[in-house]
Structure formats: C-alpha cells, structure tokens
There are 2 protein chains.
Amino acid sequence: MSEALDAPALPAPVPRRILVVDDDPTVAEVVSGYLQRAGYAVDRAVDGRAALERAAALHPDLVVLDLMLPEIDGLEVCRRLRAEPLSQAVPIVMLTAKGDEHDRILGLELGADDYVTKPFSPRELVLRIQSVLRRSAGAAAPAAAVDEGPFTAGDLRVDPTARRAWRGARELTLTLREFDLLAFLLGHPGTAFGRDELMRRVWGWDFGDLSTVTVHVRRLREKIEDDPAAPRLITTVWGVGYRFDPSDAPGRAAETAVPHA
Amino acid sequence: MSEALDAPALPAPVPRRILVVDDDPTVAEVVSGYLQRAGYAVDRAVDGRAALERAAALHPDLVVLDLMLPEIDGLEVCRRLRAEPLSQAVPIVMLTAKGDEHDRILGLELGADDYVTKPFSPRELVLRIQSVLRRSAGAAAPAAAVDEGPFTAGDLRVDPTARRAWRGARELTLTLREFDLLAFLLGHPGTAFGRDELMRRVWGWDFGDLSTVTVHVRRLREKIEDDPAAPRLITTVWGVGYRFDPSDAPGRAAETAVPHA
DNA sequence: AGGAGGACGTTCTCGTTCCGTAAGGTGCCG
DNA sequence: CGGCACCTTACGGAACGAGAACGTCCTCCT
C-alpha cells in the first residue's frame with residue numbers, strides 16, 4: 001500500500017491491479033474481497049493456464065498465486081511469468097500449504113517475492129501484499145518517480161524513498177508503522193484526522209481496533225517529541241483524533257493580541 | 001467510535017430507511033428504538049427469508065443483520081443481497097457473537113461494511129451505522145467537495161479541517177460540540193435557527209432536551225464574546241432561537257438597535 | 001534448529017475532560 | 001401581575017485518551 005506515502009501529494013493513488021490465482025472458489029472469494037476492500041482492483045483465474053493468459057492481458061501489479069493448481073501448477077506459472085520479459089518483474093506472492101517447506105523454498109528460488117501459508121488470515125495476506133508492493137515500488141521506481149523526494153516540516157525531515165526520518169540532525173529509529181504514520185501526518189500538516197481515518201489511510205484497513213492508532217501515536221510521540229507528556233508536534237484533538245502541527249519558527253508565533261476595543 | 005457527530009455543517013440529512021434483521025425480539029426492539037430516536041425510519045424482519053423480502057420491497061438505505069438467523073442465516077442473506085443488482089450496494093452492518101472471528105471475517109468478505117460484536121451498546125451501534133452511512137454517501141458523491149477551506153466572519157476564523165478557531169490572533173480552545181456549533185453558525189451568518197433545528201443540524205439528533213443547546217450556546221459565548229452577558233456575535237432571537245451576526249465593519253453594523261433605553 | 005529480541009495489536013486501568021440534565025433565577029411579553 | 005422563554009449554575013455520569021502491560025508473531029542471530 002504505500003498509500004500512506006503516496007497520499008501526501010497524490011490525492012488518489014492509481015488503483016493497483018492484482019491477479020488472484022486459486023482454484024478454490026471460497027479462498028478466491030475471500031482474498032478478492034479483502035483486497036478490493038483495501039482498494040485494489042482484483043482479477044481472478046482458476047488455473048495455471050488462465051493465470052498466464054490473464055497476466056499477459058492485464059499486466060497486473062502483483063500476482064497472488066496458489067501452488068496447487070490444475071493444468072499448470074503454481075511453480076510452473078511462476079517460472080513462466082519470470083521467463084516472459086513483460087511479466088518478469090511482477091511481484092508474486094505465493095500461497096502454500098502449511099509446512100510445505102520444500103515447495104515454499106522452491107517458489108522463492110523461482111522468484112516469488114513472498115509466501116503465505118494456508119490457512120492464512122486474510123489480514124496477514126493483505127499486509128504481506130502491501131509490504132511486497134512497497135518494496136518493489138521502491139526498488140523499481142522509474143516511472144513512478146513522482147514519489148516525494150524527502151520533505152520537511154519544522155525540524156522534522158522524512159525521506160519516504162529511503163524510509164528514513166530525522167529530527168534536526170539526529171536520525172530517528174522508527175518502525176514500519178511509526179514511519180508510515182509520521183510520513184502521513186507530515187504530508188498533511190495542520191489537518192486533523194480521526195482515528196478511523198488514520199486506520200484507513202495509514203494501515204489500509206476499514207476496520208480494526210481504533211486503540212491501535214492511539215498506541216502507535218503514543219509510541220511515535222515517545223520518539224519524536226521533546227516532552228511526550230506535552231506533545232507539540234502531534235496534537236490531540238479531543239473527541240476527534242490527531243493533528244500534526246508544524247511549529248516551524250518557535251518564537252515567531254503571533255501572540256500579538258489585538259486589543260479590540 | 002466518535003466520528004459520528006463530526007458533521008458540523010452538513011445540510012439536513014434525508015431520513016434514511018434502515019432494515020433491522022434479528023430473531024431476538026428484545027434485541028430488535030432495543031435497536032429499533034434507538035434508531036428511530038436517531039431519526040431513522042426502521043423496518044424489521046425476524047428471519048432471513050423475511051429479510052430478503054423486505055429488502056426487495058423497501059430498498060432500505062442500510063441493513064442491520066444478525067448472523068444467527070432461522071431459515072436463512074445472515075451470511076447467506078448477505079450473499080444474496082450482494083448478488084441482487086438492486087441491493088448490491090446497500091451498506092450492511094453485521095451483528096456477530098464476540099470472538100467469532102471466522103464468521104466476522106467471512107461476513108466482511110461477503111460485503112458487510114462493518115460489524116458489531118454482541119453484546120453491544122446500542123449507542124455504539126448507532127454510531128457505527130452513521131459512520132457507515134457517511135462513508136458510503138461520501139463514496140457515492142465524489143464531487144461533494146465537503147472540504148471547507150477555512151472561513152472567516154468578522155474577526156472570527158474557523159478552520160474545519162484543522163478543527164481550530166481563532167478570535168483575532170488568539171486561538172480559541174473549543175470542545176467538540178462548541179466547535180461544531182460555532183462552525184455551523186459561522187457558515188450561516190445572519191440566519192436565525194431554532195433550538196430544535198440546531199439540535200438536528202449540529203447534534204444530528206431529532207430528539208433530546210433542547211436546553212442542551214441553550215447551555216452550549218452559553219458556554220460558547222463565554223469563550224468568544226467580549227461580554228457574555230451582552231452577546232454581540234451570537235444573538236438571541238426571542239421566541240425563535242439564535243443567530244450569528246457578522247459585525248464585520250465596526251461602527252457600521254449597528255443596526256441592531258440596543259433596546260435598552 | 002533454537003533462542004533472544006523487536007514489532008505489533010490487544011486489553012486493562014486510571015485520571016481527565018466533556019456533556020446532558022435538572023433546578024432555580026431573571027428578564028420579556030401579554 | 002402572571003406566565004413563558006431564556007439564562008445561569010451546579011452536578012453526576014459517561015466518554016475519551018494516556019499509560020502500562022501482556023501475548024503473539026516475525027526476524028535475526030547464534
């Protein structure tokens with residue numbers, strides 16, 4: 001998803017196309033639903049042959065590939081995708097049976113970018129996919145060079161491409177979520193966001209426990225605020241959510257009261 | 001869940017029809033009551049079959065759906081609603097048993113828009129429903145341009161996106177309700193509103209003690225008026241309600257004759 | 001492999017803030 | 001002068017956010 005990173009400048013990131021390949025209708029249904037919900041355009045194929053056709057026709061941004069397939073199995077699909085120049089670079093996430101270590105390793109060798117073992121939680125799958133997309137976007141960002149160069153607010157600096165952040169001269173050690181959260185807020189200075197909206201735009205979920213956001217804001221404050229107990233950068237808006245306040249020039253604030261009357 | 005009451009300046013919402021599907025009369029009764037008091041028209045169904053019939057007949061704006069149902073269970077109802085073009089887009093809020101993660105996920109896959117775990121607080125359910133309605137309404141109306149730039153009247157300034165307000169150069173510390181109230185009034189300068197109308201447009205309720213409005217107007221005056229005892233910004237219109245008076249040009253706008261002798 | 005460490009999501013408790021309502025007071029109108 | 005509408009104040013409860021701690025999963029290192 002990197003939606004969290006694209007969002008600052010790109011209001012509506014181009015919806016990514018994902019091809020889901022699975023012969024089990026239930027699994028395909030569940031996965032498709034989750035991905036659509038996360039904002040992706042989903043196409044489906046039920047066997048290896050169809051998968052290759054769809055991939056050639058659609059040029060998806062990512063392929064979710066079940067290993068056990070009729071006609072042509074997942075490993076073979078993977079191999080052929082990698083052989084074809086047009087689909088050579090497409091990220092592949094494999095679905096493998098639990099403990100099927102051998103196929104998994106083989107899949108990785110054939111060029112799969114990640115794997116998820118069945119039974120899997122759809123949530124986890126989405127996370128993996130987002131992670132893979134982020135990685136590959138970072139690796140091959142030729143046309144997508146629209147990606148923000150490092151941007152700044154106050155004495156905070158964030159480099160989305162490098163995934164690094166600084167406070168003044170000191171580099172911050174942020175986790176993945178913390179970084180995404182900070183990057184998003186920095187990209188929308190002065191705007192208040194509800195927890196639910198942060199959940200959607202940073203986490204990419206429509207649901208989930210909103211206290212998760214609270215906790216991560218707390219952890220982030222711990223790392224970037226001078227006094228986490230009295231946050232000046234990430235302000236709490238009571239009953240609403242949070243807001244990043246760019247207090248660029250300390251001492252220049254306009255406390256000039258207009259002595260009306 | 002707190003976001004439901006955030007809409008400060010939305011025009012009066014069209015009364016929405018909600019279909020409540022639950023086989024437990026007590027639950028259905030309680031939920032219906034709360035929803036009706038929140039201003040929704042409520043229809044009820046006790047099993048899956050009836051639910052589908054009612055949905056087809058009424059085209060409700062939202063469906064509250066219990067998972068455990070006689071005849072046809074909630075998941076199946078959900079599936080069929082989604083299969084039917086006419087009901088394909090209707091938002092669905094599911095009621096699931098606590099910790100029934102599997103059904104919950106499956107429900108979301110089948111197209112539910114949110115879920116609430118039993119036992120739930122009716123209040124929370126109403127908030128979720130409002131949230132879902134707002135989301136789907138927003139999705140359907142892309143050019144809504146809800147984003148108000150910060151706007152001004154006199155020396156008052158309100159920034160809805162940042163949720164901040166200033167009087168002259170001094171920033172005001174407003175609570176959620178106070179802010180919404182001020183934002184609404186600022187957005188309709190010179191217009192008098194009855195307490196009941198403010199209740200509906202600021203609070204979003206069709207019921208409730210109107211003195212609540214009185215008290216909040218008082219608290220707001222306390223923060224923005226030079227002399228809360230002789231309010232110049234938020235004027236009382238006797239027998240009607242309140243009105244915001246933009247006294248832009250000092251010395252010019254004194255058409256409000258001071259009655260006092 | 002096995003174990004240590006970190007990241008993340010969840011849950012619980014606690015203190016604070018906010019909000020709605022009730023009750024009595026005051027001013028406006030007939 | 002009586003009645004009504006509005007004002008003012010106070011209070012109890014509920015909602016909210018902060019903080020701390022736990023359990024789980026993943027990753028990395030040995």
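Bear in mind the structure is a predicted one, so any value in this text is a computation, not a measurement. Protein chains get the first letters and strands the later ones, always in sequence-line order, with residue 1 at the start of each.
Within the cation-pi definition used here (under 6.0 Å to the ring centroid, within 45° of the axis), B/Arg37 qualifies as a partner of B/Phe207.
To the nearest angstrom, C1' of C/dG20 lies 7 Å from NE2 of B/His216. Distance CG (B/Leu220) to P (D/dT8): 13 Å, rounded to an integer number of Å. The CZ atom of A/Arg243 sits 14 Å away from the P atom of D/dG17 (whole-angstrom rounding). Going from atom CZ of B/Phe179 over to atom P of C/dC19 covers 13 Å, rounded to whole Å. Per the geometry, CG belonging to A/Asp209 stands 5 Å off P belonging to C/dT10, to the nearest Å. Rounding to whole angstrom units, CZ of residue B/Arg218 and P of D/dA10 are separated by 10 Å. One can place CG of A/Leu210 at 13 Å from P of C/dG9, the figure rounded to the nearest angstrom. In this structure, B/Met199 atom CE and C/dT21 atom C1' are separated by 11 Å, rounded to whole Å.
Nucleic acid contact class of B/Val240 (heavy atoms, under 4.0 Å, all strands): sugar-phosphate only. Across all strands, B/Thr236 comes closer than 4.0 Å only to sugar-phosphate atoms, never to a base (heavy-atom distances).
Side-chain atoms of B/Thr212 lie closest to C/dG20 of the nucleotides D/dA15, D/dA18, C/dG20.
Contact check on B/Arg163 versus B/Asp180 returns a salt bridge, with a Lys/Arg side-chain nitrogen under 4.0 Å from an Asp/Glu carboxylate oxygen. In summary, A/Glu225 and A/Arg232 do not engage in a salt bridge, as defined by a charged side-chain N under 4.0 Å from a carboxylate O. Salt-bridge formation is detected for the pair A/Lys223/A/Glu178: a Lys NZ or Arg NE/NH1/NH2 atom is positioned less than 4.0 Å from an Asp or Glu carboxylate oxygen.
Proximity of B/Thr214 to the phosphate of D/dT8: no side-chain N or O atom is located under 4.0 Å from OP1 or OP2. A sub-4.0 Å separation between OP1 or OP2 of C/dG20 and a side-chain N or O of B/Trp203 is present. Taking only side-chain nitrogens and oxygens, B/Thr175 comes nearer than 4.0 Å to OP1 or OP2 of C/dC19. When the side-chain nitrogen and oxygen atoms of A/Tyr242 are compared with OP1 and OP2 of D/dC16, none of them lie within a distance under 4.0 Å. For C/dT16, neither phosphate oxygen OP1 nor OP2 lies less than 4.0 angstrom from any side-chain nitrogen or oxygen of A/Trp238. Note on B/Arg123: every side-chain N or O is 4.0 Å or more away from OP1 and OP2 of D/dA14.
In this structure, B/Val215 and B/Arg195 both approach DNA chain D, and ranking their closest nucleotides by distance from the 5' end singles out B/Arg195.
A distance-only check finds no donor-acceptor pair linking the side chain of B/Arg167 to the backbone of B/Arg157 [under 3.5 Å].
A donor and an acceptor atom sit less than 3.5 Å apart, one in the side chain of B/Arg219 and one in the base of C/dG20.
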